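Please read all numbers here as calculations on a predicted model, not as lab measurements.
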Amino acid sequence: MSNHALRQATASDGDSSSDDVESPTAVRLESVTHEYGANGGRGRSGDDRTVTALRDVSFDVQAGDIVGLEGPSGSGKSTILHAVSGLLVPSDGAVELLDTDLTTCSNRERTRLRRRHVGIVFQRFHLLPSLSARANVALPLVQAGIPRATRRERAETLLEKVGLGDRIHHLPGELSGGERQRVAIARALVTDPDVIVADEPTGELDTATGEDVLDLLMDIGRDRALLVASHDESTLAVADRVVTLRDGRVVSDGG
Ligand code: ADP
Ligand code: MG
């Protein structure tokens with residue numbers, strides 16, 4: 001699993017030749033527009049009206065950046081994170097992940113790129129209830145064809161890293177909310193992705209637990225690229241940059 005070419009390219013200690021090279025772009029959205037229910041599909045309400053979720057959205061995330069995505073409910077944050085993860089192909093525009101446009105590549109290639117380069121952390125953890133913490137963390141490695149002993153070893157190392165070394169055999173239902181989110185973070189890291197997307201990762205947690213989870217995310221996001229959607233001031237305060245959305249449009253990108 002040596003798919004962190006990006007990080008190696010940016011971690012330039014001892015390599016003076018790359019000192020003045022700009023960080024590579026991890027994610028780039030270029031004039032992205034998305035309508036749910038277009039293309040003959042049906043919208044959430046079951047009728048055939050379309051909902052314009054994103055309008056001409058452009059911004060980018062460099063390797064090493066922690067970028068906050070802020071905006072009221074319904075402003076398009078999750079839609080952006082789905083597009084960046086290759087879980088959704090927007091109606092128009094380009095979404096580049098490590099210089100490959102996810103909107104023009106095949107479904108198979110898009111899935112491959114997601115599994116290899118993106119770690120996803122959801123608000124509601126999305127753990128499989130019947131699997132132990134270790135098995136949940138190891139799951140992405142099954143898809144990657146990694147042998148069982150290596151999967152277990154890697155999952156245990158990550159669970160230790162997130163402070164759950166003594167919970168590896170617990171089921172999600174036997175863990176607190178903060179612990180479940182730590183398991184989800186370990187799972188997002190297990191394939192050693194270049195990009196982490198987190199969708200309101202502290203939204204279900206109390207303030208203190210949320211802050212611990214946030215510290216952990218910042219710690220792991222620092223040498224990757226982290227795009228985190230949040231309403232939460234403390235999350236946005238630690239971002240290097242905040243992109244603000246209103247009604248599917250970027251209304252500010254900075255600070
Ligand atoms: P946020 O994450 O900021 O709350 P979303 O990206 O989830 O925003 O939603 C943006 C807009 O798209 C909202 O108007 C929402 O109702 C709509 N939307 C989201 N998902 C779907 C869907 N699967 N089908 C139809 N409309 C959707
Ligand atoms: Mg959302």
Side-chain angles (χ1 to χ4, degrees), residues 1-8 10-11 24-29 61-69 77-78 80-88 95-98 100 102 109-128 131 133-146 150-151 154-164 172 178-204 213-230 235 238-240:
M1 262 176 296
S2 56
N3 58 9
H4 42 234
L6 250 184
R7 246 167 305 136
Q8 284 166 349
T10 45
T25 301
V27 172
R28 169 172 288 138
L29 284 86
V61 183
Q62 307 298 318
D65 273 359
I66 294 176
V67 175
L69 201 53
K77 303 182 296 296
S78 296
I80 287 178
L81 297 186
H82 284 104
V84 167
S85 318
L87 293 168
L88 168 154
V95 179
E96 287 176 18
L97 177 68
L98 311 176
T100 303
L102 295 176
E109 175 69 354
R110 195 160 46 247
T111 301
R112 191 190 71 81
L113 289 165
R114 174 176 69 252
R115 288 185 178 161
R116 190 172 164 129
H117 297 295
V118 185
I120 309 177
V121 178
F122 299 96
Q123 179 173 1
R124 291 188 183 84
F125 327 130
H126 289 217
L127 301 175
L128 293 182
L131 295 184
R134 183 177 68 182
N136 265 288
V137 173
L139 207 53
L141 299 178
V142 176
Q143 291 158 339
I146 307 293
T150 313
R151 294 197 306 257
R154 180 111 180 102
E156 284 173 22
T157 304
L158 280 160
L159 283 166
E160 273 158 32
K161 186 179 164 109
V162 301
L164 293 176
E179 289 171 337
R180 286 182 216 178
Q181 195 59 302
R182 286 169 181 274
V183 173
I185 290 171
R187 179 185 54 190
L189 285 175
V190 78
T191 55
D192 200 13
D194 297 284
V195 176
I196 309 260
V197 304
D199 199 354
E200 308 199 30
T202 62
E204 300 277 300
V213 162
L214 193 59
D215 282 346
L216 180 65
L217 262 181
M218 296 305 142
D219 187 37
I220 61 171
R222 187 51 66 192
D223 60 346
R224 301 168 197 268
L226 174 62
L227 182 57
V228 54
S230 188
T235 304
V238 294
D240 300 318

Problem set entry | Which atom of Ile66 lies closest to which atom of Val238, heavy atoms considered | CG2-O, 4.4 Å
Exercise. How about Ile146 and Arg151: do any of their side-chain heavy atoms sit closer than 4.5 Å?
Worked result: yes
Problem set entry | Exercise: identify the closest heavy-atom pair between Pro193 and Arg224 | O-NH1, 2.7 Å
Exercise. How about Leu189 and Val137: do any of their side-chain heavy atoms sit closer than 4.5 Å?
Worked result: no
Exercise. Does Phe122 offer a backbone N or O that forms a donor-acceptor pair with the side chain of Asp199 under 3.5 Å?
Worked result: no
Seminar exercise, completed: dist Asp192:CG -> His117:NE2 (nearest 0.5 Å) comes out at 11.0 Å
Exercise. Can you find a heavy atom in the side chain of Leu226 that is under 4.5 Å from one in the side chain of Met218?
Worked result: yes
Problem set entry | Val213/Ile185 under side-chain contact (heavy atoms from CB on, under 4.5 Å): CA gap, chis, key distance, verdict | CA-CA 9 Å; Val213 162; Ile185 290 171; 3.8 Å; yes
Problem set entry | Heavy-atom pair of closest approach, residues Ile220 and Leu217 | CG1-O, 3.1 Å
For this session: Could you grab the distance from atom CD of Glu200 to atom CD of Gln123, nearest 0.5 Å is fine?
Result: 4.5 Å
Exercise. Can you list the steps and then say if Val197 with Val27 is a side-chain contact (heavy atoms from CB on, under 4.5 Å)?
Worked result: CA-CA 11 Å; Val197 304; Val27 172; over 6 Å; no
For this session: Measure the CG-OG1 distance between Leu69 and Thr235 for me, rounded to the nearest 0.5 Å.
Result: 12.0 Å
Problem set entry | Any donor-acceptor pair under 3.5 Å from Arg187 side chain to Leu139 backbone | no
For this session: Show your reasoning for whether side-chain contact (heavy atoms from CB on, under 4.5 Å) applies to Arg114 and Ile120.
Result: CA-CA 9 Å; Arg114 174 176 69 252; Ile120 309 177; 4.1 Å; yes
Exercise. Side chains of Val183 and Pro172: does their closest heavy-atom pair fall under 4.5 Å?
Worked result: no
Problem set entry | Pair Glu179 + Arg182: basic N to acidic O under 4.0 Å | no
Problem set entry | Contact summary for Val190 and Leu158, nearest pair of heavy atoms | CA-CD1, 3.3 Å
Exercise. Does a side-chain heavy-atom distance below 4.5 Å link Thr191 with Arg115?
Worked result: no
For this session: Show your working on side-chain contact (heavy atoms from CB on, under 4.5 Å) between Leu113 and Val118 and close with a plain yes or no.
Result: CA-CA 7 Å; Leu113 289 165; Val118 185; over 6 Å; no
Exercise. Going from CG on Asp194 to CG on Asp223, what distance comes out if it is rounded to the nearest 0.5 angstrom?
Worked result: 10.0 Å
Exercise. Do side-chain atoms of Asn136 reach the backbone of Leu131 as a donor and acceptor pair under 3.5 angstrom?
Worked result: yes
Seminar exercise, completed: Value for CG (Leu88) from CD1 (Ile80), rounded to nearest 0.5 Å, stands at 11.0 Å
Exercise. What distance do Glu160 atom CD and Leu164 atom CG have between them, rounded to the nearest 0.5 Å?
Worked result: 10.0 Å
Problem set entry | Closest non-hydrogen atom pair, Leu127 against Arg180 | CD1-O, 3.6 Å
For this session: Mind listing the closest non-hydrogen atom pair of Ala184 and Val121 along with its distance?
Result: O-CG2, 4.4 Å
Exercise. So, does Arg134 use its side chain to make a donor-acceptor pair with the main chain of Ala155 at under 3.5 Å?
Worked result: no
Problem set entry | Donor-acceptor pair between Thr25 and Gln62 side chains, under 3.5 angstrom | yes
